Amino acid sequence: MEVSWEQSVTYSINTIYLLFSAYLVFVMQLGFAMICAGSVRAKNAMNIMLTNVVDAVVGSISFYLFGFAFAYGNSNPFIGTNLFALANIPNENYDYGFFLYQWAFAIAVAGITSGSIAERTQFSAYLVFSFFLTGFVYPIVAHWVWSSSGWLSPNASHLFLGSGAIDFAGSGVVHLVGGIAGLWGSIIEGPRVGRFDAYGKPVPFRGHNASLVVLGTFLLWFGWFGFNPGSFDKILVAYPNTSDEGNWTSVGRTAVTTTLAGSTAGIVTLFSRRLLIGHWDAMDVCNGLIGGFVAITSGCSVVEPWAAIICGFVSAWVLIGLNILALKLNYDDPLEAAQLHGGCGIWGLLFTGLFAKEGFVVQTYNAGVAVKRPYGLLLGGGWGLIGAQVVEILVIFGFVSITMGPMFYALHKLKLLRIPVADELAGLDISSHGGYAYAHHEENHARSYGDYMRMQDNQS
């Protein structure tokens, strides 16, 4: 079929928009790396930076070989069975730009999980779980919700509960998956040595560099403008019965709701933590800000800006409450990943079911073509959407638990998961990577890998 000049221009602009969004989402990998590095102790900085690189490179191969096919093969409602290794790409549905955009999402999931098990995990374990998570677990959930043939998809021909689950950019598909995987990894490994004293009281393990955390937070904020608005895939889609509205309008609104939710969560966390601990804490505020972004990611395209403020307000308290509960349960997550990405991701899915606006749902999923769809319960849209949201939460929790939980447990039983106590006390940088991230590191007696090995020989 011959393509007109106007169609070629439209395809080109949409492709440029999608590729630019993919580049923004990939920048988030750098943001994750900076936050992870700043949030751990200096003796583990090189290790956590390397794991972020591993998440990207291993995830690239696994998503290319298997993940994209499982996610977007259109064979059945539960898992894709074609498009392996990008066979028959490009086609009438997908091209290379779409793959690159989805790849950037996939490697973000592994980065979330890495934070939960930081400072005590064998490097080889990262290779295993990154490959499995990005190549199998995450893609199947993505297929359910984002593929046009997925059983939970709001774009499917037969909508679950007449609605499908609205998880526009992945509060559940990305953040909840990564958070639940990290939850099981951290539970199976147990807390870091010394994190809780003999009476079960928490001992502060402060991250060593607040500057890196703040830098990483701003990089994530920047990247989220590709994560959320970019999930429209196409920007040149006009809505009927209007002269000046189209996807470009929704893209702008989505960027606004993203900003407002994150900013509100940051402000609430700032003052709330000031009341709770007695001082202004930059690292807590950064995590609160990111929690707001995580929560709004599900409904960013279908809610009003005023509702985004409610989303951010509640997400801050969800994170604060879960962090308090984690300490009471002696749960140790250096990056607060399970609480932040898991807890705020759950709230984000529920928030969408409560506040999604009918007109915005139609614009996002039907390009503005008039059709009756369930929308937010509190706006009079009935129970269909909120029901689908709850089901998404439950199936993600169940599926990730029965896949990642046994995998982490098997690594644990094979003694491939946690590093020895002596190595953990010395620091993973010196014990696993030949030296510290910083040239003038003074935290330990071992000044080089040779010193460390001589200390090990003396102990034995």
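Not measured: the values here are computed from a predicted model.
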Which heavy atom in [X] sits nearest to a heavy atom in [Y], and how many Å separate them?
{"X": "A338", "Y": "D333", "value": "N-OD2, 2.9 Å"}
{"X": "T269", "Y": "A265", "value": "OG1-O, 2.7 Å"}
{"X": "S149", "Y": "G73", "value": "OG-O, 4.0 Å"}
{"X": "Y438", "Y": "A45", "value": "CE1-CB, 4.1 Å"}
{"X": "C300", "Y": "T254", "value": "SG-CG2, 3.5 Å"}
{"X": "V400", "Y": "V177", "value": "CG1-O, 3.9 Å"}

- Under the ring pair (Phe, Tyr, Trp, His ring centres under 6.0 Å) rule, what pairs show up with a residue in residues 262-303, not counting sequence neighbours? W221-F293, W224-F293, F271-W280
- Residue pairs fulfilling ring pair (Phe, Tyr, Trp, His ring centres under 6.0 Å) with at least one residue in residues 387-409, sequence neighbours excluded: F129-F408, W144-F399
Where the side chain of [X] meets the backbone of [Y], is there a donor-acceptor pair that is under 3.5 Å apart?
{"X": "T121", "Y": "A118", "value": "no"}
{"X": "H143", "Y": "G150", "value": "no"}
{"X": "S171", "Y": "V294", "value": "yes"}
{"X": "D167", "Y": "V173", "value": "yes"}
{"X": "S231", "Y": "F227", "value": "yes"}
{"X": "N44", "Y": "L428", "value": "yes"}
{"X": "R373", "Y": "E358", "value": "no"}

Do the side chains of [Y] and [X] get nearer than 4.5 Å, heavy atoms only?
{"X": "M49", "Y": "N52", "value": "no"}
{"X": "T352", "Y": "F168", "value": "no"}
{"X": "S116", "Y": "L183", "value": "no"}
{"X": "K43", "Y": "D429", "value": "no"}
{"X": "W184", "Y": "M407", "value": "no"}
{"X": "D55", "Y": "T113", "value": "no"}
{"X": "Y126", "Y": "I117", "value": "yes"}

Do [Y] and [X] have ring centroids that are under 6.0 Å from one another?
{"X": "F136", "Y": "F131", "value": "no"}
{"X": "Y138", "Y": "F70", "value": "no"}
{"X": "F105", "Y": "Y101", "value": "yes"}

Considering only distance and modelled atom types, tabulate donor-acceptor pairs under 3.5 Å from the side chains of residues 410-422, sequence neighbours left out.
residue	atom	partner	partner atom	Å
R418	NE	E424	OE1	3.4
R418	NH1	E189	O	2.8
R418	NH1	G190	O	3.1
R418	NH1	P191	O	2.9
R418	NH2	P191	O	2.7
R418	NH2	E424	OE1	2.9
R418	NH2	E424	OE2	3.3

- Task: Let me see the working for R274 and L270 under side chain to side chain contact (heavy atoms under 4.5 Å, CB included), right down to the final yes or no.
- Result: CA-CA 6 Å; R274 174 67 174 82; L270 175 69; over 6 Å; no
- Task: Mind checking ring pair (Phe, Tyr, Trp, His ring centres under 6.0 Å) for F160 and listing every partner two or more places apart, or none if nothing turns up?
- Result: W151
- Do you know which of R120, H433, E119 makes side chain to side chain donor-acceptor pair (under 3.5 Å) with N47?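 Result: among R120, H433, E119, H433 is the only option passing the side chain to side chain donor-acceptor pair (under 3.5 Å) with N47.
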- Item | Among T259, T258, T257, side chain to side chain donor-acceptor pair (under 3.5 Å) partner for N228 |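 Of the listed options, the one satisfying the test is T258.
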- Test W146 against Y72 for ring-ring contact (aromatic ring centres under 6.0 Å, His included), laying out the working first. CA-CA 8 Å; W146 288 343; Y72 292 100; 7.4 Å; no
To the nearest 0.5 angstrom, please state how far the [atom1] atom of [X] sits from the [atom2] atom of [Y].
{"X": "Q102", "Y": "I107", "atom1": "CD", "atom2": "CD1", "answer": "12.0 Å"}
{"X": "S298", "Y": "I346", "atom1": "OG", "atom2": "CD1", "answer": "12.0 Å"}
{"X": "L212", "Y": "T217", "atom1": "CG", "atom2": "OG1", "answer": "10.5 Å"}
{"X": "N287", "Y": "L340", "atom1": "CG", "atom2": "CG", "answer": "5.5 Å"}
{"X": "T134", "Y": "Y64", "atom1": "OG1", "atom2": "OH", "answer": "15.0 Å"}
{"X": "S301", "Y": "N247", "atom1": "OG", "atom2": "CG", "answer": "9.5 Å"}

- Measure from NZ or CZ of R253 to the centre of the six-membered ring of F360, then state whether that distance is under 6.0 Å and the direction lies within 45° of the axis. yes
Mark yes when over 12 heavy atoms from residues, nucleotides or ligands other than [X] sit less than 6.0 Å from its [atom1]; otherwise mark no.
{"X": "F20", "atom1": "CZ", "answer": "no"}
{"X": "F225", "atom1": "CZ", "answer": "yes"}
{"X": "F123", "atom1": "CZ", "answer": "yes"}

Would you be so kind as to tabulate the donor-acceptor pairs closer than 3.5 Å made by side chains of residues 375-390, with sequence neighbours excluded?
residue	atom	partner	partner atom	Å
Q389	OE1	I166	N	2.7
Q389	NE2	I166	O	3.0
Q389	NE2	L349	O	3.0

- Message: What I want to find out is whether R195 reaches D332 closely enough, with some N-O distance under 4.0 Å, to be called a salt bridge.
- Response: yes
- Message: What verdict does the side chain to side chain contact (heavy atoms under 4.5 Å, CB included) test give for D284 and I277, after you've listed the backbone C-alpha separation in whole Å, the side-chain angles of each residue and the deciding distance to 0.1 Å?
- Response: CA-CA 11 Å; D284 281 345; I277 64 177; 4.1 Å; yes
Please tabulate, one pair per line, all N/O donor-acceptor pairs under 3.5 Å involving side-chain atoms of residues 310-330, not counting sequence neighbours.
residue	atom	partner	partner atom	Å
S315	OG	C311	O	3.4
S315	OG	G312	O	2.9
N323	OD1	Q339	NE2	3.0
N323	ND2	L319	O	3.3
N323	ND2	E336	OE1	3.0

- Kindly indicate, with the supporting measurements, whether the criterion side chain to side chain contact (heavy atoms under 4.5 Å, CB included) is fulfilled by M404 and L133. CA-CA 8 Å; M404 295 301 295; L133 187 60; 3.9 Å; yes
- Query: Regarding S114 and T51, is there a side-chain donor-to-acceptor distance under 3.5 Å anywhere?
  - Reply: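 S114 vs T51: no donor-acceptor pair found between side chains.
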